[in-house]
> 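Would you mind keeping the following structure in view while I ask a few things?
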Amino acid sequence: MDTKLFFGDATAFETPMLAVFAVDLAEAKDAEPIPALLMPPGALQDAAAALLESGEFKAALGEIVVLHAPAGLKAERLLLVGLGKLKDLSLDRMRKGAGTAVRAAKPRKVRSMAIAFPDTSALPGGQIEPSAMLTARALVEGAELAQLDWDTYRSDRKDCSIDSLTLIASEAEPAAIGDLQRGFEEGLIVSSAQNFARSLVNEPGNVLTPTVLGARAKAMCDEAGIKCEVYSSDKLQELKMEAFWAVAKGSAQPPALIVMTYEPKTAPAADAPVFGLVGKGITFDTGGISIKPADGMEKMKYDMAGAAAMIGAMHAIARLKPAAKVIAVVCSAENMPDGKAFKPGDVVTAMSGKTIEIVNTDAEGRLVLADGLHYAKTLGCTHLIDAATLTGACVVALGLLNFGVFSNDEATWEKFMDGLTVSGEKGWRLPCTDDYRDHIKSEIADIMNTGKNRYGGAISAAMFLKEFAGDTPWVHLDIAGCAWDEEKKPWIAYGPSGIAVRSIVEWVRSYSA
Ligand code: BES
Ligand code: ZN
Ligand code: ZN
């Protein structure tokens with residue numbers, strides 16, 4: 001999609017479809033909706049007036065109406081997009097609104113469209129949008145994310161893509177123009193990174209093996225101009241990554257240890273933080289010898305969504321160029337049952353030297369991450385973040401809306417949570433305090449790879465990872481419930497969400513923008 005920012009008058013803009021946003025001014029939950037356009041008085045307001053008065057359009061989030069040949073406008077169609085109640089208006093609603101506009105246009109065979117930048121100044125309460133820069137960014141992100149559909153493997157695929165999208169903002173102060181431009185450009189960078197992550201997660205396990213994931217990461221890094229090394233079995237032996245190798249060795253597909261490095265142009269001070277992004281890249285999780293039930297197992301192709309989040313984050317970081325060094329370590333393998341597979345009862349020694357009793361081979365994510373986290377520290381990382389589709393228990397605890405956030409350091413956790421207001425993603429903190437250490441105590445080794453019972457399974461997994469983060473400030477994201485959108489939404493296709501890319505990028509930038 002060719003996405004442009006244009007400064008001018010939306011009413012005079014010639015386009016097959018012009019999208020404008022509307023909110024519901026009614027405050028009480030059951031009150032009759034009072035829809036209002038986020039546009040200054042004029043031809044746009046006039047064109048929509050009769051519809052708004054009819055009560056047919058309530059401006060609920062995700063609701064749309066199309067008006068053909070709107071009087072007084074140059075657009076062939078006027079698309080009204082609801083953002084929900086005014087009191088709930090947020091950056092994320094703007095993002096969803098732009099997504100809804102694009103997804104409304106796609107099946108209508110519209111190839112070129114425009115979105116009018118929302119103007120809240122005419123509303124009671126005056127200007128309320130967060131900032132022009134962040135709004136521009138959110139609108140672009142929403143529109144770009146909405147463009148993708150996961151029909152690449154269908155032979156009856158209909159091309160419904162939008163070729164050109166123009167975001168129309170009124171000619172404002174020169175300072176505001178600069179802000180809008182910056183937000184617009186950042187939105188393009190972040191959304192293309194997230195879409196790249198989503199496209200990786202969408203790939204089936206037979207296509208996206210660890211080797212292929214490594215090749216895709218390498219190609220991305222080559223294009224972005226950052227360093228990428230892809231290692232396999234030999235390197236795992238050399239580094240004594242027995243925990244990672246235990247998972248990998250049951251598969252005919254060799255593992256991939258992917259190391260991507262971003263260095264800022266000006267070398268940071270010697271004591272500046274170095275960020276380590278560690279991703280779980282299980283390209284298919286059968287459970288191994290502790291095999292999973294057949295029902296729903298096909299979903300386990302997305303067990304590499306944590307890896308995709310880190311590869312996506314590096315895609316954005318290479319272009320946003322923060323003033324800090326960032327190293328991503330992706331541990332990718334296939335978890336298979338086989339004559340060579342690891343078994344419950346096995347004891348392995350992780351790269352850090354800790355011994356691990358394997359109780360369940362389906363708790364494989366924490367094993368590959370154990371070596372990934374430790375390795376990131378040996379590469380000089382001073383701040384760690386990992387993302388993993390780690391536990392079903394996290395899905396039980398938080399549902400599909402929030403990912404689990406765990407941390408061993410208050411300041412680091414706070415920095416991460418602050419970024420969520422910009423990213424619009426939702427994460428909820430769960431504990432991993434030392435009083436839970438008992439969960440992973442083993443009789444015969446230092447630790448075991450499951451909890452002693454099924455209670456607090458997401459916490460047991462986090463406690464296991466914490467052993468390998470050690471004293472290094474660390475945030476762990478359990479994205480098992482959020483990496484695949486189960487429900488169809490008006491603003492984004494069902495399927496791979498690309499969750500955590502935006503939040504991880506924001507976290508890194510919060511130290512170094
Ligand atoms: N990949 C799964 C976790 C998962 C579950 C991801 C649902 C996405 C959706 C992970 O490797 C796993 O199987 N975890 C086990 C751990 C258990 C054996 C301690 C689980 O959650 O059941
Ligand atoms: Zn598993
Ligand atoms: Zn898994």
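Because the structure is a prediction, the values reported are computed rather than measured. We count ligands from 1, going down the list as the structure has it; atoms in each ligand are counted the same way.
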> Is the distance from the Zn ion (ligand 3) to the nearest N/O/S atom of Leu390 under 2.8 Å?
no

> Cut-off 3.5 Å, side chains only: do Asp478 and Thr391 have a donor facing an acceptor?
yes

> Side chains of Ser290 and Asn360: do they bring a donor and an acceptor to under 3.5 Å?
yes

> Identify whether NZ of Lys or CZ of Arg in Arg429 sits under 6.0 Å from the centre of the six-membered ring of Trp413 and within 45° of that ring's axis.
yes

> Tell me whether the count of non-hydrogen atoms from other residues, nucleotides or ligands lying under 6.0 Å of CG in Asn453 goes above 12.
yes

> Can you tell me which residues line ligand 1 if we count any heavy atom under 4.0 angstrom from one of its atoms, in chain and number order?
Lys280, Asp285, Lys292, Met300, Tyr302, Asp303, Asn360, Asp362, Glu364, Arg366, Thr389, Leu390, Thr391, Gly392, Thr450, Ala480

> Can you name the closest pair of heavy atoms from Thr450 and Ala363 and give their distance?
CG2-CB, 4.1 Å

> Does this structure show an ion pair linking Lys340 with Asp338, if we count only N-O contacts that are shorter than 4.0 Å?
no

> Hey, does the side chain of Gln194 reach the backbone of Ser191 with a donor-acceptor pair shorter than 3.5 angstrom?
no

> Under a 4.0 Å N-O cut-off, is there an ion pair linking Arg103 with Asp149?
yes

> In the protein, how many N/O/S atoms are under 2.8 Å from the Zn ion (ligand 2)?
4

> Does OH in Tyr153 sit with more than 12 non-hydrogen atoms of other residues, nucleotides or ligands closer than 6.0 Å?
yes

> Can a side-chain donor-acceptor contact be found between Asp303 and Thr389 if the only test is distance below 3.5 angstrom?
yes

